[in-house]
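All remarks here apply to the structure that follows.
Bear in mind the structure is a predicted one, so any value in this text is a computation, not a measurement. Sequence lines set the chain letters: A, B, ... in the order given, protein chains first and strands last, and positions in each chain run from 1.
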Amino acid sequence: MTDTADRVENSVQTLEGVIIRFAGDSGDGMQLTGDRFTSASAIAGNDLVTLPEFPAEIRAPQGTLAGVSAFQIHISDHNIHTPGDEPDVLVAMNPAALKSELNRLKSGGTIILNTDAFDMRNLEKCGYQMDPREDGSLDGYIVHEVPMTKLTVDATADLDVKKRDAERSKNFFALGLVSWMYDRPLQPTFDWIEEKFGKNPAVVASNNAAFKAGHAFGETAEMFGDQYQVASAPQKPGTYTNITGNVATAWGMVAAGQLSKLPVFLGSYPITPASDILHELSNHKNFGVRTFQAEDEIAGAGSALGAAFGGHLAYTTTSGPGVSLKGETISLAAMIELPLVIIDIQRGGPSTGLPTKTEASDLFLALYGRHGESPMPVVAAYSPSNCFHMAIEASRLALKYRTPVILLTDGYLANGAEPWLLPDVSTLPDISVDFATTFNDTDANGEPVFYPYKRDPETMARPWAIPGTPGLEHRVGGLEKADITGNVNYDPANHGLMTELRQAKLDGIAKDIPGAMVNSDGDADVLLIGWGSTHGSITAAVEQLRKEGTPATHVHLTHLSPLHPDLGELVQGYQHVIVPELNKGQLVKIIRSEFLIDAKPLSKVMGLPFTAREIIAAVNQATSGASSNGAAQNGAN
Amino acid sequence: MTDVALDPTKRGYWTSDQEVRWCPGCGDYGILAAMQFLYTELDDVKKENTVFVSGIGCAARFPYYMSTYGMHSIHGRAPAIATGLAVARPDLDVWVVGGDGDMLSIGGNHLIHALRRNVNIKILLFNNQIYGLTKGQYSPTSEVGKVTKSTPMGSIDAPFSPVSLAAGAGATFVARTHDLDRKHMIDVFRRAHEHKGAALVEIYQNCNVFNDGAFDAITKRDARAEMMIDLVHGEPIKFGAERQRGVMMDNGAARCVDIADVGEDALLVHDEHTTNPSVTFSLGQLAMDRRSPTPFGVFRAVDAPEYAAAVGDQLLAANDQKGPGNLEALLRSGATWDVV
């Protein structure tokens with residue numbers, strides 16, 4: 001990289017893994033820096049898990065605590081499941097980032113500071129009375145003070161770039177420095193800069209120069225000493241890519257269109273953290289995908305239901321507040337029994353809550369949040385890449401059973417990334433369905449007729465006859481339908497029957513879904529039951545517990561309605577059953593009422609995923625006989 | 001099957017087997033008949049390619065009575081649902097049916113956006129100036145002072161003019177008709193059907209139970225000559241038994257005048273194709289008083305790109321630029337690496 005003659009001879013140390021947290025002002029490009037480090041690490045073959053955390057404000061006042069944006073990445077030479085409990089390294093681009101993130105850093109950890117941002121004004125903005133570099137508050141940490149802004153400007157001095165623009169490349173300096181420290185491949189970042197900014201050669205040159213300068217600084221400055229290597233993790237052979245949950249969800253929707261041989265329609269209204277699915281899908285119109293940015297959440301769902309009536313594989317994507325608005329349309333879809341997939345990227349609530357933070361508190365909303373008896377399948381993804389498969393699964397259920405289906409993911413899955421062993425496309429399920437094209441019965445006079453509510457005896461799905469099909473013209477609607485004929489009907493017995501039929505159709509789906517995921521330890525007294533994005537944290541906790549001599553079994557749910565058919569058996573026979581959830585205890589109430597077992601909640605509602613340590617502590621507390629207050633250590637509320 | 005069921009030129013062909021359940025004497029019957037008769041006259045339509053989508057309200061029962069495809073959906077949401085259907089299936093004739101409460105109150109947002117997008121849906125707004133299905137509350141088109149169950153001291157809400165609202169939303173087709181004149185309804189519905197894009201047709205419809213005679217002062221046979229203004233494209237707007245009155249633009253507002261006072265040259269020459277919607281807006285304002293002469297016919301029929309066609313064009317363009325979608329290639333479209 002550099003031709004510097006006085007290169008410092010650094011030794012190389014090998015690490016099993018490292019947790020790095022990039023933090024800076026919202027305008028400092030920390031999410032981009034984290035993304036690039038992630039991609040380079042993925043290409044280097046590490047296993048990795050990321051946790052992007054950014055404020056709801058697009059540009060909170062510069063230099064304030066409210067404006068701090070952070071990106072945590074855990075890279076490892078072995079299989080890992082969480083973004084890590086405590087970072088080993090904190091890169092802080094300004095005093096606010098240092099102040100807001102320091103308490104997360106592990107004791108004795110490394111801090112890399114952009115000293116150019118540590119002036120009186122920035123210190124005051126975030127409430128530092130004294131410079132933390134001088135008042136002893138960083139004692140016990142390894143602190144590297146680097147004038148990143150100045151070095152970036154120096155590196156770009158020969159380029160035709162204004163100083164102000166050059167300063168904006170300082171995140172690439174930081175990226176270059178950390179890339180040197182952890183021996184990341186450089187070419188992917190150069191390639192990415194060229195691809196991303198190719199239209200603006202000055203920006204390419206400036207970013208490249210800053211990136212190189214950061215790398216060279218690490219190599220030549222004597223302050224850093226050793227370079228670290230994190231070897232590639234043993235992984236199954238195959239082709240990998242790095243994927244976030246939202247992109248995986250969008251690709252799953254495209255895949256479901258291909259696998260069902262139906263055109264895809266997405267009706268959606270922008271909402272954090274779901275909008276990226278709309279953005280991603282809008283790039284794939286060459287698959288025949290129609291994306292419609294509606295005037296509101298209701299029209300997002302309504303337009304999708306209209307497209308479903310027309311024979312499209314229809315989706316609406318949203319987050320919790322949007323699900324509330326779509327409720328009436330979802331119930332109509334339940335009444336007229338058409339396929340509609342509602343994807344809820346959960347976030348902190350109630351109300352606007354914490355739009356950019358994760359939570360899993362919409363489970364009850366998904367299961368019960370509608371007027372009337374309105375049962376429908378609810379499924380949940382457990383990792384970023386699993387969003388791909390669950391989008392296909394939700395589509396399969398919707399199409400096969402002619403029902404609305406809710407797919408739950410959350411902000412952590414949506415924005416978090418992991419390496420993904422690409423599936424062999426030929427192994428993905430065929431989810432195609434047949435439209436009705438012919439009469440399906442005869443009337444009292446022996447004339448052939450089409451009865452839109454005459455169900456398939458096996459699936460109980462009604463026929464899907466789309467406009468354009470001659471002879472099968474029929475009317476659907478929100479008024480109660482007569483069994484078989486689908487005519488408007490207010491008869492009490494018929495309403496009772498139809499209510500039972502809709503429930504029985506849902507219940508029957510249990511025969512057609514896989515068992516729950518089980519990570520079993522034969523001797524375990526402890527059972528952890530999870531759903532959704534807690535999978536990684538629970539897996540990491542169970543691994544650690546076993547090392548510590550506490551065997552534990554982990555059962556994880558992807559299907560929440562109907563529940564996995566084997567769940568009733570799986571949950572029996574444990575002394576301690578704990579259900580960690582990023583809510584106040586929703587699945588646990590279902591487990592208790594369905595299976596009459598003494599399951600205990602472990603709640604965390606802080607906009608953050610569980611750390612493995614929080615789950616381990618809850619297990620240890622339960623097994624040691626101490627009474628549990630049912631809240632994670634730092635999540636009590 | 002009976003012969004009628006096989007002959008598209010017979011009204012029975014377009015009639016479903018469901019018993020019509022509007023109140024006896026309701027204006028909706030006449031509108032339904034006009035639509036069914038229109039379909040007996042059209043030769044570019046098929047039962048299976050026609051869909052009626054409705055919201056909630058008395059008018060919204062309409063789809064059950066047509067023998068086409070149909071959906072009786074949610075209060076206010078029919079334009080949104082129909083938009084999705086029309087975008088997904090541009091091969092279909094999609095009609096939307098709803099009342100003044102459905103379209104202008106709970107569904108006002110969907111209405112204006114469907115109109116501005118110019119989606120190829122034909123919206124029939126049955127305006128009876130009252131909530132009928134909920135048994136008589138004032139609506140967004142009820143006149144100020146109206147005494148209803150929810151306004152015992154009289155309504156204090158200023159009403160919408162649906163025509164002006166549609167013009168404000170940039171609608172490319174706006175028309176008004178009324179339930180007592182089948183021929184006029186058929187003509188206007190046919191024009192809407194022929195229009196490429198979103199059409200709004202306001203239909204003055206009598207609710208003989210909760211707001212009987214709301215339009216009598218205008219549409220009763222003996223009132224029509226002086227109170228109904230026929231809009232004829234390319235002609236000066238005149239009305240009255242002796243065609244002695246007319247409409248002129250005065251400081252940006254449409255005004256009814258005696259031709260004797262202003263001279264024939266001062267009259268507004270009706271032009272359906274004027275791109276700027278402000279004249280339609282002004283003509284819509286003439287109907288804001290129940291006792292003022294009211295324009296009927298096609299206010300506006302403007303050529304503009306239709307939404308679903310534009311969506312289709314983008315799909316084709318994407319296909320040209322990137323080639324047909326390939327799932328295998330999509331999964332490998334980011335940075336990838338191989339583990340051996």
Next item on the list: Of all the heavy-atom pairs spanning B/Arg77 and A/Glu328, show the shortest one and how long it is.
Entry: NE-OE1, 4.4 Å

Next item on the list: Give the minimum heavy-atom separation between B/Met71 and A/Leu305, together with the two atoms involved.
Entry: CE-O, 4.5 Å

Per-residue contact mode, [X] against chain B (heavy atom under 4.5 angstrom):
X: A/Ile43; result: both
X: A/Val247; result: neither
X: A/Thr329; result: both
X: A/Pro423; result: both
X: A/Pro234; result: neither
X: A/Asn283; result: both

Leading residue by heavy atom contact count with chain B [cutoff under 4.5 Å; candidates [options]]:
options: A/Gln258, A/Gln235, A/Met335; value: A/Gln235
options: A/Ile336, A/Asp191, A/Leu472; value: A/Leu472
options: A/Trp420, A/Phe388, A/Tyr240; value: A/Tyr240
options: A/Gly310, A/Gly238, A/Pro237; value: A/Gly238

For [X], does the [atom1] atom sit with more than 12 other heavy atoms under 6.0 Å from it, leaving out its own atoms?
X: A/Tyr269; atom1: OH; result: no
X: B/Lys135; atom1: NZ; result: no
X: A/Glu195; atom1: CD; result: no
X: B/Lys47; atom1: NZ; result: yes

Kindly indicate whether the side chain of [X], heavy atoms from C-beta on, has any atom under 4.5 Å from the side chain of [Y].
X: B/Arg61; Y: A/Leu479; value: yes
X: B/Asn109; Y: A/Ile298; value: no
X: B/Pro63; Y: A/Val476; value: no
X: A/Leu422; Y: B/Arg332; value: yes
X: B/Leu331; Y: A/Thr241; value: no
X: A/Pro467; Y: B/Asn49; value: no
X: A/Phe309; Y: B/Val51; value: yes

Item checked: Which of B/Gly334, B/Ser333, B/Gly323 touches chain A most, by non-hydrogen pairs under 4.5 Å -> B/Gly323

Next item on the list: Before giving the answer on side chain to side chain contact (heavy atoms under 4.5 Å, CB included), spell out for B/Leu327 and A/Leu428 the whole-Å C-alpha distance, their side-chain angles and the decisive distance to 0.1 Å.
Entry: CA-CA 11 Å; B/Leu327 185 57; A/Leu428 297 174; 4.1 Å; yes

Item checked: Approximate separation, where rounding is to 0.5 Å, of A/Ser303 OG and B/His113 NE2 -> 13.0 Å

Using non-hydrogen atoms only, which part of [X] is less than 4.5 Å away from chain A: side chain, backbone, both, or neither?
X: B/Asp320; result: neither
X: B/Tyr307; result: side chain
X: B/Arg116; result: neither
X: B/Thr68; result: backbone
X: B/Glu328; result: both

Next item on the list: Show your working on side chain to side chain contact (heavy atoms under 4.5 Å, CB included) between A/Asp296 and B/His110 and close with a plain yes or no.
Entry: CA-CA 8 Å; A/Asp296 58 26; B/His110 307 305; 3.3 Å; yes

Checklist line | Heavy-atom donor-acceptor pair, B/Lys322 side chain to A/Phe287 backbone, under 3.5 Å | finding: no

Check: Sub-3.5 Å donor-acceptor pair from the side chain of B/Trp337 to the main-chain atoms of A/Ala42, do we have one?
Finding: yes

Next item on the list: Could you list all the side chain to side chain donor-acceptor pair (under 3.5 Å) pairs where at least one residue sits in residues 462-475 of chain A, not counting sequence neighbours?
Entry: none

Next item on the list: Determine, stepwise, if the pair A/Val254 / B/Leu330 fulfils side chain to side chain contact (heavy atoms under 4.5 Å, CB included).
Entry: CA-CA 9 Å; A/Val254 172; B/Leu330 174 64; 3.8 Å; yes

Checklist line | Any residue of residues 82-95 of chain B which, by heavy atoms, sits under 4.5 Å from chain A | finding: B/Thr83, B/Gly84, B/Leu85, B/Val87, B/Ala88, B/Arg89, B/Leu92

Next item on the list: Mind running side chain to side chain contact (heavy atoms under 4.5 Å, CB included) on B/Leu316 and A/Lys285 for me, showing each step along the way?
Entry: CA-CA 8 Å; B/Leu316 291 174; A/Lys285 294 184 200 289; over 6 Å; no

Next item on the list: Applying side chain to side chain donor-acceptor pair (under 3.5 Å), run through A/Asn286 and B/Gln321 and close with a yes or a no.
Entry: CA-CA 8 Å; A/Asn286 59 324; B/Gln321 287 161 18; over 6 Å; no

